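Take a look at the structure below.
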2 protein chains.
Amino acid sequence: MREFILNPRLVTATLPVGDLPLCRVLLLNEQRYPWYLLVPRRPGIEEIVDLQAADRSVLMEEITWVSRAVKAEFNPFRLNIADIGNKAPQLHIHVVARNPNDEAWPAVVWSRPLVSFNADDKSRKWQQQMRNALTVTGQFIARSEHVDPGVERL
Amino acid sequence: MREFILNPRLVTATLPVGDLPLCRVLLLNEQRYPWYLLVPRRPGIEEIVDLQAADRSVLMEEITWVSRAVKAEFNPFRLNIADIGNKAPQLHIHVVARNPNDEAWPAVVWSRPLVSFNADDKSRKWQQQMRNALTVTGQFIARSEHVDPGVERL
């Protein structure tokens, strides 16, 4: 049985948050919107329809937990949730906090240049806010870190 | 208890397909991509997190049926699936067939000008293909038609 390995594009584009029972939760390296990803830790899955039915049901609940966490922590006007994967062929679900005064509104945030976090601590705050909010659900398993082949990064 | 009424923006932008147990299925009036919408027939629902847990689970399965139907009928390279709703405040899930030779690839199709169907019969074909593919699942309830206040349109 193959092992789950986070797609290198997703490693590069994100900061780690932690694991729910099914999904790895990541924070996109984008300072303008709280923007999280859920990646089911199943090898070889590219689309929602590739998942087993039981995993799809868990995925929906984990999307809901992350959505509620984003709402509780950031109080957005709207959540934008999507499975796109045109560039990174590993199933990942975007959950993005959107507001009428954000830079892209009312357009979508995808397919636009990203603006990375600065050296400030906003990214650490957003990582920790999600960890705290998911811990409250009782479903948060563990913090995760990004692992490169042979190199563990903090 | 309030009745489900399809949001007027969604009525205007789409052609009817039919009903699954939870969702109304629609075809977006856009000729370049097979692009379907699922709208849970529950009044007052704007986001996935507003649904009851049982409905969320059904929604995930209906997304899967429509996804499989799109794959079977159009054999796309990738499905793009999203809940956005920045303009129409009624929960609707996009399921779009995407290919590397389509006009937007690899960008997303949202927030771009739409190109409506011509007078040709492609829209009727795409409506009927989805009806046929959903009928095979045994879960297709009925064709639906758009209803304006006081006016029923074919």
Side-chain angles (χ1 to χ4, degrees), chain A residues 9 22 33 38 40 46-72 76-113, chain B residues 9 22 33 38 40 46-72 76-113:
Chain A
R9 277 181 174 270
L22 177 63
Y33 326 91
L38 292 97
E46 296 193 13
E47 309 224 43
I48 288 172
V49 296
D50 298 334
L51 287 171
Q52 303 281 332
D55 280 349
R56 283 198 301 272
S57 186
V58 173
L59 174 60
M60 181 56 101
E61 286 314 279
E62 295 191 359
I63 290 170
T64 301
W65 298 336
V66 170
S67 296
R68 286 181 178 149
V70 171
K71 284 171 77 93
F77 178 79
R78 174 76 53 188
L79 295 169
N80 284 181
I81 300 171
D83 159 26
I84 301 168
N86 297 350
K87 295 178 187 165
Q90 178 175 64
L91 177 59
H92 56 285
I93 309 292
H94 302 254
V95 177
V96 192
R98 300 299 312 279
N99 286 291
N101 64 350
D102 73 33
E103 197 171 309
W105 188 269
V108 297
V109 292
W110 302 289
S111 313
R112 301 164 67 97
Chain B
R9 276 181 174 270
L22 176 63
Y33 327 91
L38 293 96
E46 295 193 14
E47 308 223 44
I48 287 172
V49 295
D50 298 334
L51 287 171
Q52 303 281 331
D55 280 349
R56 284 198 300 272
S57 186
V58 173
L59 174 61
M60 181 56 101
E61 286 314 280
E62 296 191 358
I63 289 169
T64 301
W65 299 336
V66 170
S67 296
R68 287 182 179 148
V70 170
K71 284 171 80 94
F77 178 80
R78 175 75 53 187
L79 295 168
N80 285 180
I81 301 172
D83 159 27
I84 302 168
N86 296 351
K87 294 176 187 168
Q90 178 175 63
L91 176 59
H92 56 284
I93 310 292
H94 301 255
V95 178
V96 192
R98 300 299 312 278
N99 287 290
N101 65 350
D102 73 31
E103 198 171 310
W105 188 268
V108 297
V109 292
W110 303 287
S111 312
R112 300 165 67 98

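Just so it is clear: chains get the letters A, B, ... in the order the sequence lines come, proteins before strands, and each one is counted from 1. Since the model is a prediction, treat every value here as computed from it, not as a measurement.
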Hey, are the side chains of [X] and [Y] touching, using non-hydrogen atoms and a 4.5 Å cut-off?
X        : Y       : value
A:Asn101 : A:Phe77 : no
A:Leu59  : A:Ile93 : yes
B:Leu91  : B:Asp50 : no

- [ ] Might you point out which heavy atoms bring B:Arg78 and A:Ile84 nearest each other, and give the distance in Å?
- [x]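 That closest heavy-atom pairing would be CD-O, 3.3 Å.
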
Open item on the list: At a heavy-atom distance under 4.5 Å, which candidate from B:Leu51, B:Ile63, B:Ile48, B:Ile81 has the highest pair count against chain A?
Closed with: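 The option with the most such pairs is B:Ile81.
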
- [ ] Identify which part of A:Glu61 has an atom lying under 4.5 Å from any heavy atom of chain B, answering side chain, backbone, both or neither.
- [x]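 Only the side chain of A:Glu61 comes within 4.5 Å of chain B.
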
Open item on the list: Using heavy-atom distances under 4.5 Å, tell me whether A:Pro100 contacts chain B through its side chain, its backbone, both, or neither.
Closed with: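 The answer is neither part of A:Pro100.
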
Task: Max heavy-atom pair count under 4.5 Å with chain B, selected residue of A:Met60, A:Glu46, A:Arg68 - done: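 Among A:Met60, A:Glu46, A:Arg68, the one with the most close pairs to chain B is A:Met60.
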
